[in-house]
Engineer: 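This is the structure I want to talk about, given as structure tokens.
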Amino acid sequence: MPLAEGGPAAAPPARALRWDGARLELLDQTRLPDREIWLTPAGAEEVAVAIERLAVRGAPNIGIAAAYGLAMEVTATPGLGTLEAAWERLRTSRPTAVNLGWAVDRVRAAALAAGPARMAAAAREQAQAIHAWEDEASALLCAAGAGLLRDLVPAREPVRVLTHCNTGALATGGTGSALGVIAELARHRAVEVLACETRPLLQGARLTAWELGRLGIPHALLVDGAAAGLIARGEVDAVIVGCDRVAANGDTANKVGTYAHALAAGAAGIPFLVAGPTSSIDPHIAHGDDIAIEERDAREVTHVAGSPTAPLGTQARNPAFDVTPARLITALVTERGVARPVEPRTVGALVPVAEPVA
Ligand code: MRU
């Protein structure tokens with residue numbers, strides 16, 4: 001297949017977020033790949049808006065950004081009222097990724113436990129601890145996932161891996177989840193990546209292709225609808241994706257289009273892997289039917305870059321995520337190990353998640 005050769009392997013690792021102890025900088029992912037523009041949100045409201053409009057995105061990354069946003073807010077205006085209002089605003093800025101609530105709940109708890117005099121410092125410390133925890137979790141799960149892929153696809157070089165959306169450094173505190181696994185595998189084996197463009201907001205085209213280019217990993221972009229046909233024709237060895245919320249039974253919500261890839265992988269008998277930190281597991285949700293699926297503005301479907309692609313007035317549905325049933329998932333890869341088969345017993349063995357300790 002025709003493959004982009006990738007970019008300069010020496011490019012520094014992508015970073016989505018910077019924190020200097022007081023100031024938060026967020027790479028505006030809506031402007032990539034054309035422009036690298038860093039936002040400097042003043043507080044929780046601006047962080048929440050950045051999350052809503054997907055300037056900041058990716059499940060672990062929005063948790064980290066929200067944690068810093070909450071810490072900044074109570075630093076600027078310490079007090080219980082500020083803490084509760086900012087926590088609520090950030091927690092509800094997007095509904096599907098559990099990492100968001102996971103992170104701001106921890107910052108709130110640390111701030112409350114510290115008491116009024118140390119509230120702001122405790123919130124900042126907890127946000128930094130969450131960031132460091134996600135960074136380390138990312139490294140661990142990437143190593144585990146690369147090892148599993150080597151075992152599941154033993155004979156072939158290059159290994160042909162298909163992925164969806166963006167799950168690299170831009171989406172996490174560290175090197176990534178699914179895309180981080182692919183990058184780790186590429187350090188040991190020749191890899192070719194098929195990156196789905198990921199309609200409607202093109203995270204695969206704009207962000208994954210950008211990251212793969214920087215990493216120097218050969219890749220080709222395809223429209224989402226091409227994936228099943230290529231899988232059926234034997235052109236893919238494994239599929240690996242990230243996750244926004246994993247229910248207690250292993251049913252997994254991820255970017256819309258993921259379920260179709262899982263069906264195709266299952267029909268072709270190739271591995272379908274989900275990779276993510278345990279902060280993406282929600283032990284309080286029994287199965288995928290109960291996961292809230294974000295419905296976004298219909299205009300994201302009827303327009304591309306501000307120009308209409310459908311007759312004016314056309315109705316559109318825009319669910320941002322779908323749920324892949326556990327039975328279609330070969331393995332769930334986390335920093336605490338691999339659930340395989342994916343079922344309540346094996347997922348339950350990975351939770352409760354480790355608490356970031358400031
Ligand atoms: O709407 P997005 O771009 O935030 O969706 C992101 C995804 O669906 C990712 O696959 C998921 O968050 C995992 S990121 C490691």
Side-chain angles (χ1 to χ4, degrees), residues 16 26-37 39 41 45-59 61-62 65-66 88-98 100 162-167 170-171 194-210 220-231 241-245 251-264 288-325:
L26 303 171
L27 182 58
D28 185 345
Q29 299 192 32
T30 66
R31 306 298 296 274
L32 290 173
D34 300 335
R35 307 274 309 271
E36 290 182 39
I37 293 175
L39 308 170
E45 177 59 28
E46 288 184 23
V47 173
V49 170
I51 291 171
E52 283 165 349
R53 67 180 189 85
L54 269 53
V56 182
R57 46 144 308 276
N61 194 43
I62 61 177
E88 180 70 24
R89 175 71 181 98
L90 288 159
R91 200 176 201 286
T92 55
S93 53
R94 290 190 81 188
T96 303
V98 67
L100 187 54
L162 184 139
T163 192
H164 193 67
C165 197
N166 171 265
T167 57
L170 293 175
L194 286 167
C196 293
E197 63 172 355
T198 317
R199 276 284 288 154
L201 295 179
L202 303 177
Q203 289 93 330
R206 294 185 303 102
L207 309 177
T208 297
W210 184 76
L221 192 64
L222 65 156
V223 298
D224 302 340
L230 293 183
I231 290 170
V241 298
C243 48
D244 284 81
R245 192 181 294 247
D251 292 351
T252 294
N254 190 52
K255 178 54 57 189
V256 68
T258 299
Y259 178 36
H261 302 327
L263 287 169
D289 291 349
D290 293 337
I291 298 176
I293 300 295
E294 177 182 12
E295 281 271 352
R296 294 183 61 85
D297 193 337
R299 202 178 152 86
E300 291 178 351
V301 176
T302 57
H303 289 65
V304 169
S307 299
T309 54
L312 287 178
T314 299
Q315 301 294 307
R317 289 290 309 275
N318 189 14
F321 301 93
D322 57 27
V323 175
T324 299

Engineer: Identify the heavy atoms of G257 and D322 that sit nearest to each other, and give their distance.
Structural biologist: N-OD2, 2.8 Å

Engineer: Rounded to the nearest 0.5 Å, how far apart are CG of N61 and CG of L170?
Structural biologist: 8.0 Å

Engineer: What residues, two or more places apart in sequence or in another chain, satisfy side chain to side chain contact (heavy atoms under 4.5 Å, CB included) together with L202?
Structural biologist: E197, R199, A205, R206

Engineer: Begin from the C-alpha positions of R53 and D28 and carry the test salt bridge (charged side-chain N to carboxylate O under 4.0 Å, His left out) through to its verdict.
Structural biologist: CA-CA 10 Å; R53 67 180 189 85; D28 185 345; 3.3 Å; yes

Engineer: Could you list the residues that satisfy side chain to side chain donor-acceptor pair (under 3.5 Å) with R94, not counting sequence neighbours?
Structural biologist: E294

Engineer: What pairs of residues pass the salt bridge (Lys or Arg N to Asp or Glu O under 4.0 Å) test when at least one of them lies in residues 308-317, not counting sequence neighbours?
Structural biologist: E295-R317

Engineer: What are the two closest non-hydrogen atoms of T302 and A316, and how far apart are they?
Structural biologist: CG2-CB, 3.8 Å

Engineer: So T208 and C165, do their side chains get closer than 4.5 Å, heavy atoms only?
Structural biologist: no

Engineer: Is it the case that the side chain of T92 and the backbone of E88 share a donor-acceptor pair, with hydrogens and angles ignored and the cut-off at 3.5 Å?
Structural biologist: yes

Engineer: Could you check whether any side-chain heavy atom of T198 comes within less than 4.5 Å of a side-chain heavy atom of N166, counting everything from C-beta outward?
Structural biologist: no

Engineer: Looking at D251 and R245, is there a salt bridge between them, counting it only when a charged N and a carboxylate O are closer than 4.0 Å?
Structural biologist: no

Engineer: List for me each residue that meets side chain to side chain donor-acceptor pair (under 3.5 Å) alongside Q29, sequence neighbours excluded, and say none if there are none.
Structural biologist: R57

Engineer: Heavy-atom distance under 4.5 Å between the side chains of L162 and C196, does that happen here?
Structural biologist: yes

Engineer: For R296 and A320, work out which heavy atoms get closest and say how close.
Structural biologist: CD-CB, 3.8 Å

Engineer: Residues two or more places apart in sequence or in another chain: which of them pass side chain to side chain contact (heavy atoms under 4.5 Å, CB included) with V241?
Structural biologist: H164, V239, N254, T258, F272, V274

Engineer: Could you give the distance from OG1 (T30) to CG (L201), rounded to the nearest 0.5 Å?
Structural biologist: 10.0 Å

Engineer: Taking only residues two or more places apart in sequence, or in another chain, which ones meet A264 in a side chain to side chain contact (heavy atoms under 4.5 Å, CB included)?
Structural biologist: A228, I231

Engineer: Give, for atom CG of L194 and atom CG of L221, the distance between the pair rounded to the nearest 0.5 Å.
Structural biologist: 9.5 Å

Engineer: Just wondering, do V323 and I293 contact through their side chains at under 4.5 Å, heavy atoms?
Structural biologist: yes

Engineer: Looking at G242, is its backbone amide N or carbonyl O close enough to the side chain of T167 to form a donor-acceptor pair, meaning the two atoms are under 3.5 Å apart?
Structural biologist: no

Engineer: Mind checking whether L32 and W210 have side chains closer than 4.5 Å, heavy atoms only?
Structural biologist: yes

Engineer: Can you name the nearest heavy-atom pair linking V47 to A65, along with the distance?
Structural biologist: CG1-O, 3.5 Å

Engineer: Determine the minimum heavy-atom distance between A66 and I51, stating which atoms define it.
Structural biologist: CB-CD1, 4.1 Å

Engineer: Rounded to the nearest 0.5 Å, what's the gap from CG on L26 to CD on E46? Could you check?
Structural biologist: 10.0 Å

Engineer: Check L100, I62, V56 against S93 for a side-chain contact (heavy atoms from CB on, under 4.5 Å) and give me the one that passes.
Structural biologist: L100

Engineer: Given side chains that start at C-beta, do those of R89 and E45 come closer than 4.5 Å, heavy atoms only?
Structural biologist: yes

Engineer: Mark yes or no for whether D244, through its side chain, and T96, through its backbone, hold a donor-acceptor pair below 3.5 Å.
Structural biologist: no

